[in-house]
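Accompanying notes for the structure given below.
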Amino acid sequence: MPFSVKDSRVGNLLMTEYYSETAQRIDRFLERDHEMVGSAGKTIVFLHGRRTARSVVLLHGLSASPTQFIELGRALHARGYNVLAPRLPRHGYNDRLTDALGRLTAVELRQVTRESIAIARGLGDHVSVVGFSLGGLMAAWAAQHHDVDSAVCIAPFLGLAWVPSVLAWPAALLMLRLPNRFHWWHPIKKANLMPAHGYPRYATHSVAQAY
């Protein structure tokens, strides 16, 4: 049966010695979901209790949470996949107006991608990475730097339409030198923007770190 990692200890399911390190890696994701993380913002795993032919990592977008991929995760699990949807650093907090997103770093994004792929390798023979927006960028990076069988980049964040590619890197450096600013995703709904498992605004420094 599919489940959130918070509902069962993964180590009880992955019984062989080969899976013990994978269970420990998943447990480290559990430990990242501290008390400030909301119930709908936590890392989600759907497992079959054994290594399967295919596993997939689902990487959510900037200011969103793993819940963004919960229906896709369930569908893939029903098709025989082991599924990991990790919470990205600084995301998923109960306080939707937290300033944590302003402290997101590229190092953190690379690290969570590496760790997620390492887990997926322990869960399946063939590893796929799927990402949306910021997650799509991370999936593309994973395909370039790691051994994955396929990468699906859904509307990947590869830049801003009004910033020419040649100016992307200087623009990112400039944003990091300037004070961090938060902007509403929706200028009218502002804090009332749904869904509740995501943040209604983004940080300029987080965008620069994605660059």
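- Taken from OG in Ser116 to CZ in Arg121, the straight-line distance is 11.5 Å, to the nearest 0.5 Å.
- For the residue pair Thr113 and Ala142, the shortest heavy atom distance occurs at CG2-CB, 3.8 Å.
- Rounding to the nearest 0.5 angstrom, the gap separating the CD1 atom in Ile70 from the CD1 atom in Ile44 is 4.0 Å.
- The shortest non-hydrogen separation linking Ser150 to Ser128 is OG-OG, 2.7 Å.
- Residues Pro89 and Val112 approach most closely at CD-CG1, 4.0 Å, considering heavy atoms.
- Within 6.0 Å of CZ in Arg181 there are 12 or fewer heavy atoms belonging to other residues, nucleotides or ligands.
- In this structure, Trp141 is not a member of the same hydrophobic cluster as Val129, with clusters built from ILVMFWY side-chain heavy atoms closer than 4.5 Å.
- Separation of atoms CE (Met194) and CG (Asn192) is listed at 6.5 Å; rounding is to 0.5 Å.
- Put simply, the side chain of Leu97 reaches to within 4.5 Å of the side chain of Pro200, judged on heavy atoms.
- Ala140 approaches Cys153 most closely through the heavy-atom pair N-SG, 3.6 Å.
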Let's go through Leu58 and Phe46 carefully: what are the C-alpha distance in whole Å and the side-chain angles of both, what is the deciding distance for side chain to side chain contact (heavy atoms under 4.5 Å, CB included) to 0.1 Å, and is it a yes or a no? CA-CA 11 Å; Leu58 302 176; Phe46 295 100; over 6 Å; no
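- His60 contributes atom NE2, which lies 9.0 Å from atom OG1 of Thr67 (distance to the nearest 0.5 angstrom).
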Just do the side chain to side chain contact (heavy atoms under 4.5 Å, CB included) check on Leu84 and Val56 with the steps written out, would you? CA-CA 6 Å; Leu84 168 65; Val56 62; over 6 Å; no
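- Judged by distance alone, with hydrogens and angles left aside, the side-chain atoms of Asp125 form no donor-acceptor pair with the main-chain N or O of Arg54 at under 3.5 Å.
- The backbone N or O of Ala203 sits less than 3.5 Å from a side-chain atom of Ser206, completing a donor-acceptor pair.
- No donor-acceptor pair closer than 3.5 Å links the side chain of Thr43 to the backbone N or O of Asp33.
- Side-chain atoms of Leu59 and Pro86, non-hydrogen and from C-beta on, do get closer than 4.5 Å to each other.
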Pair Val37, Asn94 - check side chain to side chain contact (heavy atoms under 4.5 Å, CB included), show working. CA-CA 5 Å; Val37 176; Asn94 263 319; over 6 Å; no
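- Side-chain contact between Leu47 and Leu123 is present, with heavy atoms from C-beta onward closer than 4.5 Å.
- Closest heavy-atom contact between Ala155 and Phe132: CB-CE1, 4.1 Å.
- Within the 3.5 Å criterion, the main-chain N or O of Met36 finds a donor-acceptor partner in the side chain of His34.
- Residues Tyr211 and Leu160 are in side-chain contact: their nearest non-hydrogen atoms beyond the backbone lie under 4.5 Å apart.
- The shortest side-chain heavy-atom distance between Trp184 and Leu193 does not fall under the 4.5 Å cut-off.
- Relative orientation of the Tyr199 and His91 rings is parallel, given thresholds of 30° and 60° on the angle between their planes.
- With hydrogens and angles disregarded, no donor-acceptor distance shorter than 3.5 Å links the side chain of His77 to the backbone of Asn82.
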Pair up each side-chain donor or acceptor in residues 163-180 with any protein partner under 3.5 Å, not counting sequence neighbours, and list the distances.
residue: Asn180; atom: OD1; partner: Thr204; partner atom: N; Å: 3.4
residue: Asn180; atom: OD1; partner: Thr204; partner atom: OG1; Å: 3.3
residue: Asn180; atom: OD1; partner: His205; partner atom: N; Å: 2.9

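- A donor-acceptor pair shorter than 3.5 Å can be found between the side chains of Ser63 and Trp185.
- Remark: side-chain polar atoms of Ser55 are paired, donor with acceptor, to backbone N or O of Ala120 under 3.5 angstrom.
- Leu134 and Val148 fall within a single hydrophobic cluster, where Ile, Leu, Val, Met, Phe, Trp and Tyr are joined by side-chain heavy atoms under 4.5 Å apart, directly or via other members.
- Under a cutoff of 6.0 Å and an axis angle of 45°, Arg201 and Phe182 form a cation-pi pair.
- The shortest heavy-atom contact between Met138 and Leu88 is CE-CD2, 3.6 Å.
- Between Val207 and Leu62 there is a side-chain heavy-atom pair separated by less than 4.5 Å.
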Table please: side-chain donor-acceptor pairs of residues 99-108 below 3.5 Å, with sequence neighbours left out.
residue: Asp99; atom: OD1; partner: Arg103; partner atom: NH1; Å: 3.2
residue: Thr105; atom: OG1; partner: Glu108; partner atom: N; Å: 3.1
residue: Glu108; atom: OE1; partner: Arg90; partner atom: NE; Å: 3.4
residue: Glu108; atom: OE1; partner: Thr105; partner atom: N; Å: 3.1
residue: Glu108; atom: OE2; partner: Arg90; partner atom: NE; Å: 3.2
residue: Glu108; atom: OE2; partner: Arg90; partner atom: NH2; Å: 2.7

For Arg87 and Tyr93: C-alpha separation, side-chain torsions, deciding distance, then whether side chain to side chain contact (heavy atoms under 4.5 Å, CB included) applies. CA-CA 10 Å; Arg87 180 182 64 86; Tyr93 288 18; 3.9 Å; yes
